[in-house]
There are 2 protein chains.
Amino acid sequence: MNHQEALTEYLAAFVSGLVQAGVKDVVISPGSRSTPLALLIAENRDLNVYMNIDERSAGFFALGMAKASQRPVALLCTSGTAAANYFPAVVEANLSRVPLIILTADRPHELRDVGAPQAIDQIHLYGNHVRWFTDLALPEFGQEQYAFNTAVRAIKEATGHLQGPVHLNFPLREPLLPILEPYPFTEKIKELKISQGNLTISNETAREIAEQIQQIENGLIIVGDIDKPELAEAIHQFAQLTGYPIVADPLSQLRGSTTADSQVIDSYDAILKNEQAVNLLRPDLIIRFGSMPVSKPLTLFLKKWRQSPHIIVDGGSGWRDPQNLGTMMVQCDEAIFCHTIKAFFTEARQTQYFSIWKDLNHIAKETIASYLKSMNDLDEGKVIYELAKVIPENSTIFAGNSMPIRDVDTFFHQTRKNIHLMANRGANGIDGVVSTAIGAAVYRNPLYLVIGDLSFFHDLNGLLAAKLNDISINIILINNDGGGIFSFLPQSKLDRHYELLFGTPIGIDFSYAMKMYGGEYCKITNWGEFDQAIEATAEKSGIHVIEVQTNRQANLESHRNMWRLIGEEIDRYFEAMKNGH
Amino acid sequence: MNHQEALTEYLAAFVSGLVQAGVKDVVISPGSRSTPLALLIAENRDLNVYMNIDERSAGFFALGMAKASQRPVALLCTSGTAAANYFPAVVEANLSRVPLIILTADRPHELRDVGAPQAIDQIHLYGNHVRWFTDLALPEFGQEQYAFNTAVRAIKEATGHLQGPVHLNFPLREPLLPILEPYPFTEKIKELKISQGNLTISNETAREIAEQIQQIENGLIIVGDIDKPELAEAIHQFAQLTGYPIVADPLSQLRGSTTADSQVIDSYDAILKNEQAVNLLRPDLIIRFGSMPVSKPLTLFLKKWRQSPHIIVDGGSGWRDPQNLGTMMVQCDEAIFCHTIKAFFTEARQTQYFSIWKDLNHIAKETIASYLKSMNDLDEGKVIYELAKVIPENSTIFAGNSMPIRDVDTFFHQTRKNIHLMANRGANGIDGVVSTAIGAAVYRNPLYLVIGDLSFFHDLNGLLAAKLNDISINIILINNDGGGIFSFLPQSKLDRHYELLFGTPIGIDFSYAMKMYGGEYCKITNWGEFDQAIEATAEKSGIHVIEVQTNRQANLESHRNMWRLIGEEIDRYFEAMKNGH
C-alpha cells in the first residue's frame, strides 16, 4: 500500500470518528501541512466547513458555535504560529468548559527542533489548558482503528463532566494529497460507543441538606453563569419549595426564561450597594450553582457573611470558589441535585426573608426605570434597558466583557420574552468577543452583541467570518473612545499617565470597518433612533452595527447618581419598616 | 511598612533592573492587574512606553523593535487571555532568536484555580518556547535586591548565546496603586553586572578546517538569515581568501551591503532549477552560516550532494540542520570563525568553480532583467524588481511570508544602495507581519513592507500602533485576493474544495482600512504609477499603502515562463562551454 493510500485511509478513519462521536461543524484556517485533513473534512458529507482566515478569530468563532449548539466543534490549522493563535480561545474554552477539538498539523518527527521552516514545538502546546493532548502517530496502513478510536476518545474527553478543549497534533509527511475518489469514508471501521452518566448525590447527603434547609428560613439560592436548558424548571421548583429567593446572574438564563417566576431577584447588584440591606439581608444558608456571579457587591456581601454555611453545587466537579466561602462542595449534576432535594419537600414555603428581597427588588427596579425615563443623554446603562424593551422575542444578547456584562447585570431585568444571555466569562477576556458572538449566531438568531470600542477593535478581524459565511449579527457598539472600566478604579484619580495607560483613546471611525466587511452602519443620536434601529434589524439579514457614542466621565457620574437614588429609596423602605409600616 | 510602599519599592527595583540591563523600550497593553508595573514603567525617565491595545499585535510590534534595535524589548500585559495573545510572537521570537522580556501580571496565589475572574494558569504559560520562566514572589519589603537581580538575570537569559524570549509572571495583590511621589527609583540597590563572552573555536579545529579548505577548490559558502553588522566584512574577506562563492540568502544582509562584493551569488534559486547546473556545480565542501536559506532549489541541491563535507557555524549554539546534512557543527561566533580561519591564508584564491557560478549568476540576472523589461502587466516578481530600482538609499525592506520572501529571493539582486532586508523567518508565520514591520520602523526608516493580502488582513489591527505612536511605514500590498502560494502546490489541480480551502478569496477593499487608521492609500495600475508612488513616499511621513492587484493564475504562469527562459540560457552556456567557447 502506498503513502497516499495509507494517508487517506488513516485520516478518513479519524474523520469518521469525529462524525460518529457527534461533531457536525469544523472551522478551518488555510494552510499547507493540514491539506489532507482539510480535504477529507470538506469531502465528508456529514460535516459543515467554516473557513476562517485568522486562527485567533477562528478559535473564538468555534467557541461561540460550541456554546450555542451545545456540541463539540472541531478546529483545524496548519503547523507553526497558526496553532499559537488558537491559544486565547483555548484558554477561554478551558475555563468556560466548552468542548473544542483542536486539530493541528505538524511536521514529521525528523523535522522537529532542527530549524525546519514552520516547525515549532507543538507537543503540549497549550500546557494544562486542555483536558487531553495526544500526538498521533504518522499515518500508517493498519492503524485506521487507532485513528478512529482516538477521535472518539477525544470527543469523550472534551465532553465529560468537566467539559473543555482537547488538542490532537498530527505529524504529516509529504506528499500531502489524499485520494478523494471513490468516496473515502467506508463502513469498514468498527464503531465505538462511549456512555458516560451524570454525577449524582448520595441519599445521606441529600437528606442532610434537606433537613438543613427545613430548619433555615433565611436561605439564598445563587445562580451564576450556567447554560443547561433543563435547569430553569428544576431550580424554579426547588426555590418554591424551599421559599428561598433566587439571586440570578444574567448568565444564569433565569432572567429571560419563560419558566422564570417571581422567585427571581435580578437587582441584587443595586440593592447590595446599600449598607442597611447588606446587614438586614444576612443569609443563614447559601446554595450556589454555576460560576461566581459578575456582581462585585454580591461578592462583598458573601464575604461579609462568610460564617454562614455555603453549599457549592457543581456538575462538572470543578472547584469554583475564589473566596474560599464554601463549607460543602457537592459534585453533582445541578438538575439532579434540585430534583433529589425536592423529594424531601411537600409544599411551597413562604418566608419573610423572601418578601423583603422581593420588596427591595421592586424598589430598585422602579427607581432604575424612573431614573432612566428622565435620562435623555446617550447613557451606557440605558442602552441595555432600551434594548431589553424593544428586542424581539426569542433573541439572544451576547454581552462583551468589562462594562457591557456589568451593565447587563444592572439593567437587564427579568422578562417573559425568552431572551438568551451569553458572554465569555471563563477568563473574562475582551479578546475574541466578536468572533464568539458570530459563532453563536450560527445557531442563535437573531443575536445582539453589546460591545465596547476596545473589545470591538481587538477582534475586528472576526467580522470576516460573518461576511464570508453569510451569518447575520447585530452589534451595538458602545463607543466611549477607550477603556471605560478604568474610570471606576483608583487610578482614574491620577494626575498623569492615565490616558496613556488606561484611558487609551483610539479615535477610530468604525463606519469604515463596515464598508470593508460589507455591513450596515448607523450612529444613533437619540433614543428614538435607537429603538427604530433595533426594530429595523428584525427584518434584515447581514451585519448591522448600531453605534452609541458615550462619554466615560458622564457615564461614571450617571451610574453613581442612580446608585445613590436607589440607596435613598432603600433607606426609606427600612425606615418605614422600623416604624411599623 | 505598608502594602503600597512595599509594592512600590519592590517593583521599582525590578524596573531599575530592566533599565540597568539595557532595556529602553516597553510595549504596554491596557489592563488592571498590571497597573503598578505600568505606572512605574511610565514614570521611569529612562524608558520609552509604546501603548498597543491588541496584545497579539503588541507582541509582534516588540519583536520588530527588538530585531531592528538589536536590544531586548519588554512587554507588559494584564492577567488572563491577554497573556495568551502574546503566544504567536513568543513562538516566533524563540525560533528567530530575538530577546523579548514578557512581563505578565497575575492574580495572587489564593485566587489561582478556584474560578476567580481573569485568573488562568500562567505558570509556564509558553511551555518550552521561552529561554527562561520565573514566577516572582509577591511584592514584599526587604526583597528589592531579589526583584532587581531577577530583572538583570532575565535580560541575561534573553540575550545569551541563544537569544530569545523570557517570561516573568508577577502575582499582585490589591490595592494596585504604587506611590509615584517622590520619584520612586532610588540608588539604594546594588548594581549587578553580567559579562558573557562569545563562543570561540579551538586552534586545532581551526587548523583542521583551514587545511581542508586549502585542499578543496570547489567549496561553497552559504549564508542564511543572520543579522550581525560585523559579519559582512568578515565573510567578505573569508570568501576572497578561500576563493569560494557566497550563496547569499536575502536575509544574510549581504545583498544590500556596501561592503558586498563580486563574491556574492544572488540568483542561485533560478540557477539551481536547471538540472545541468545542479550536476556541474557539485560542491566538495560546504560552509554554512545562519539559518537554512529560503530557496527550495538550493535545499534540493544540498540534499543531492549530501555526501560532501558540510560545516555548520552557529554562534548561538543551536541546531539548524533540518536535512541532517551537517558533518561538523561549529558552535562559534560567526565573525570570530571567519577571522580565526582567515589567519591561515595569505592571499586571495581564484577558482574556476567560482567563475562558472559568476557566469551563471550573470546569465540569470540578465534574463530576469530582460524578461521583466518586456512585462507590462502587474506582476508579483516585478514589484520587487521595480522596488529595488527606485527605493531610496539606506532603506529597509520587510518581506512578508509565503510569496513575498520568495520573490525577494528571486528578484532582489545585489545592490550597493545599502538596503537592509528583514522578515519573520523563525516560524515563517503570515501572522503579526504588519506589527513586526511597524516595530522595526521605529528604528529603521524609511521602511517598505511587501505583503500579501491574507497576511495583511491577519494583522490589520497592527496598524493602530503606527497611528497612535506616529510611526511611518510604507506598505506594498500585493493583492491577489487569496492565498497565492497554494497555486504552486499539488492541490491547485483539484477539481473541488480548492477555492474554499486554499484559494480563500476574501474580497476586501482595503482602502477603507486606510481611512480607519488615517493612512494614505493608492492602487496603482501600471509601472509608471508604481515608481512614482514609491518615489513620493520619500518626502512623506505616516502610513502609506500602495496596492498592486495581481492575478494568482497569471502570476504562476509568469514565474514558470521566466524560469524556463533562464533554464534555456543556462543550457546554451554549458553547450558553449563543452564546445570550447
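Every chain is numbered from 1 and lettered A, B, ... according to where its sequence line falls, protein lines coming before strand lines. Please read these numbers as outputs of a predicted model, since none were measured by experiment.
- For the set A:Leu464, A:Asn128, A:Val294, the entry with the most heavy-atom pairs within less than 4.5 Å of chain B is A:Leu464.
- Among the candidates A:Asp459, A:Leu111, A:Leu177, A:Ile485, the residue making the largest number of heavy-atom pairs closer than 4.5 Å to chain B is A:Leu177.
- The candidate with the highest count of non-hydrogen atom pairs below 4.5 Å against chain A, out of B:Ala82, B:Gly31, B:Gly318, is B:Gly31.
- Using a 4.5 Å cut-off between heavy atoms, B:Leu39 contacts chain A through both its backbone and its side chain.
- Among A:Leu460, A:Ile28, A:Val49, A:Leu125, the residue with the largest count of heavy-atom pairs under 4.5 Å with chain B is A:Leu125.
- Heavy-atom pairs under 4.5 Å with chain A peak, among B:Pro88, B:Ala116, B:Gly115, at B:Pro88.
- When heavy atoms are compared at a cutoff of 4.5 Å, A:Glu110 approaches chain B solely by way of its backbone atoms N, CA, C and O.
- For the atom pair NE2 (A:His458) and OG (B:Ser29), the distance works out to 6.5 Å, reported to the nearest 0.5 Å.
- For A:Pro175, no part lies near chain B; criterion is any non-hydrogen pair under 4.5 Å.
- Listed options A:Asp431, A:Leu176, A:Val91, A:Asp509 were ranked by heavy-atom pairs under 4.5 angstrom with chain B; first place goes to A:Asp431.
- Using a 4.5 Å cut-off between heavy atoms, A:Ser32 contacts chain B through both its backbone and its side chain.
- Contact annotation for A:Phe457: both backbone and side-chain heavy atoms come within less than 4.5 Å of a heavy atom of chain B.
- Taking B:Asn85, B:Thr299, B:Ile123, B:Ile430 one by one and counting their heavy-atom pairs under 4.5 Å with chain A, the maximum is reached by B:Asn85.
- Electrostatic pairing of A:Arg56 and B:Asp54 counts as a salt bridge here, judged by a charged N lying under 4.0 Å from a carboxylate O.
- For B:Asp113, the part lying under 4.5 angstrom from a heavy atom of chain A is the backbone only.
- Residue A:Ala119 touches chain B through its backbone alone, counting heavy-atom pairs closer than 4.5 Å.
- At a 4.5 Å heavy-atom cutoff, the contact between A:Tyr517 and chain B is made by side-chain atoms alone.
- Of the possible polar contacts, one joining the B:His129 side chain to the A:Asp121 backbone as a donor-acceptor pair under 3.5 Å is found.
- Heavy atoms closer than 4.5 Å to chain B are found in both the backbone and the side chain of A:Leu180.
- Between the A:Asn428 side chain and the B:Pro117 main chain, no donor and acceptor come within less than 3.5 Å of each other.
- For a residue to count as touching a neighbouring chain, one of its non-hydrogen atoms must lie under 4.5 Å from one of that chain's; by this rule A:Ile506 touches chain B with backbone and side chain alike.
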Verdict with supporting geometry, B:Lys515 and A:Lys515, side-chain contact (heavy atoms from CB on, under 4.5 Å): CA-CA 10 Å; B:Lys515 288 193 174 132; A:Lys515 289 194 174 132; over 6 Å; no
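- Ranking A:Arg107, A:Glu55, A:Met514, A:Glu92 against chain B, the residue ahead of the rest is A:Glu55, based on heavy-atom pairs under 4.5 Å.
- Remark: the backbone N or O of A:Val114 is not paired with any side-chain donor or acceptor of B:Asp321 at under 3.5 angstrom.
- If you measure heavy-atom distances from A:Leu468 to chain B, the contacts under 4.5 Å come from the side chain alone.
- Both the backbone and the side chain of A:Leu501 have a heavy atom closer than 4.5 Å to some heavy atom of chain B.
- Note: B:Pro322 leads B:Gly483, B:Pro322, B:Gly429 in heavy-atom pairs under 4.5 Å with chain A.
- Between the CE atom of B:Met516 and the OH atom of A:Tyr512 there is a distance of 10.5 Å, given to the nearest 0.5 Å.
- In this structure, the portions of A:Leu500 lying under 4.5 Å from any heavy atom of chain B include both its backbone and its side chain.
- At a 4.5 Å heavy-atom cutoff, the contact between A:His497 and chain B is made by side-chain atoms alone.
- No donor-acceptor pair closer than 3.5 Å links the side chain of A:Lys467 to the backbone N or O of B:Ile508.
- When the candidates A:Trp319, A:Tyr126, A:Phe510 are compared by the number of heavy-atom contacts under 4.5 Å with chain B, A:Trp319 comes out ahead.
- Using modelled atom types and a 3.5 Å distance limit, the side chains of A:Gln491 and B:Thr35 yield a donor-acceptor pair.
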